[in-house]
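Start at 1 and go down the list; that is how both ligands and their atoms are numbered. Since the model is a prediction, treat every value here as computed from it, not as a measurement. One is the number of the first residue; the rest follow in order along the sequence.
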Amino acid sequence: MHNETRRRAGTTPNQRLKQMRRLLALKPLIRGIEVHSGLTGLIVEHTFVATGSKRKEFDFMWLSSLTDSTAKGKPDIELVDSTSRFNTLHDILEVTTKPVIYDGDTGGLAERFPYLVRTLERLGVSAVIIEDKRGLKQNSLFGTTVDQDLEEVPAFCAKIRAGKRSQVTRDFYIIARIESLIAGKGVSDALTRAQAYIAAGADGIMIHSRETNPDEVLAFCRRYAKLKRRVPLVAVPSTYNSITERELQKAGVQIVIYANHLLRSAYPVMVKVAEEILMHGRSAEASQKYCMPIQDVLTLIDHKKYGTP
Ligand code: SPV
Ligand code: MG
């Protein structure tokens with residue numbers, strides 16, 4: 001179904017869940033961006049650019065633990081519990097039709113991970129990404145400035161297997177996120193882990209890095225390409241952000257995630273507006289410089305969408 005038609009007709013959890021597998025079969029590379037609210041979901045749903053005869057848009061939404069936590073004023077340490085994360089997810093599912101990849105952090109205890117998988121499938125999420133860390137999870141972009149304790153390979157494989165066993169549909173993806181480069185353990189460790197996680201049933205591998213150049217990710221990709229058993233590769237170019245999607249695709253990456261950009265762009269403007277109002281003792285300057293017209297915010301959300309009389 002054409003995207004515009006689907007948007008108008010709406011979707012069901014089952015249709016939405018399956019859509020990511022379809023997209024991966026159709027396109028050499030799919031791109032997604034973070035969401036942390038209904039409003040950011042709407043941005044991803046509706047934003048496109050036209051270049052010549054081509055229309056470019058985001059293929060999926062990334063429900064980031066960093067931006068979901070930050071939007072709630074909380075640190076990204078698995079503190080925002082599942083109930084709260086599912087509330088955010090519900091807000092987004094309500095107003096969008098595109099597939100969702102859920103940031104599952106460490107996936108929690110192996111005994112609990114199957115419950116997360118079942119809930120996400122029931123809601124129509126297409127994939128969960130879990131990272132191979134243990135203990136207090138801290139955001140990867142801190143790198144080794146904080147403790148980044150990697151999970152033992154057999155234990156993480158057991159978690160992947162538990163998730164795969166619990167899955168109801170054939171279409172849901174459990175993607176294993178490798179933190180070797182984040183923890184300073186190098187490309188060889190990452191590759192050993194990739195092989196083990198694929199053997200355990202992972203449907204995708206995410207390789208993460210916080211270097212400002214893509215060299216170590218590309219080195220991983222070159223060695224990954226030689227593996228006999230491969231699954232789709234995910235990259236998150238937050239710090240090595242000069243690399244293009246085309247270059248990542250050439251290196252073998254099939255899924256690209258822009259993990260935090262809507263929140264990172266909104267926050268500085270909100271602070272500026274607050275400062276300008278304080279500075280001037282009125283809102284005229286802030287409104288003129290930074291705010292959308294009142295009329296536009298009133299009509300931003302189309303309340304006649306469902307055919308309300
Ligand atoms: C997130 O967006 O929450 C991620 C990616 O897990 S990162 O912040 O780079 O760890
Ligand atoms: Mg995260």
So, Glu151 versus Thr106: side-chain donor-acceptor pair below 3.5 Å or not? no
Salt-bridged, Lys250 to Glu247, with N to O below 4.0 Å? no
Could you grab the distance from atom OH of Tyr102 to atom OG of Ser82, nearest 0.5 Å is fine? 5.0 Å
Any carboxylate oxygen within less than 4.0 angstrom of a Lys/Arg side-chain nitrogen, looking at Lys133 and Glu179? yes
Could you tell me whether any N, O or S atom belonging to Ser140 is less than 2.8 Å from the Mg ion (ligand 2)? no
Return the protein residues near ligand 1 (heavy atom under 4.0 Å from any of its atoms), ordered by chain and residue number. Trp62, Ser64, Ser65, Leu66, Asp103, Asn139, Ser140, Leu141, Arg177, His208, Ala259
Checking salt bridge (charged side-chain N to carboxylate O under 4.0 Å, His left out) for the pair Asp203/Lys164: CA distance, chi angles, key distance, verdict? CA-CA 9 Å; Asp203 303 292; Lys164 289 308 292 175; 2.7 Å; yes
Just give me the atom name: the N, O or S atom of Asp103 closest to the Mg ion (ligand 2). OD2
Return yes if a side-chain donor-acceptor contact under 3.5 Å exists between Lys74 and Ser84, otherwise no. no
Parallel, tilted or perpendicular: which describes the rings of Tyr258 and Phe58, with under 30° parallel and over 60° perpendicular? perpendicular
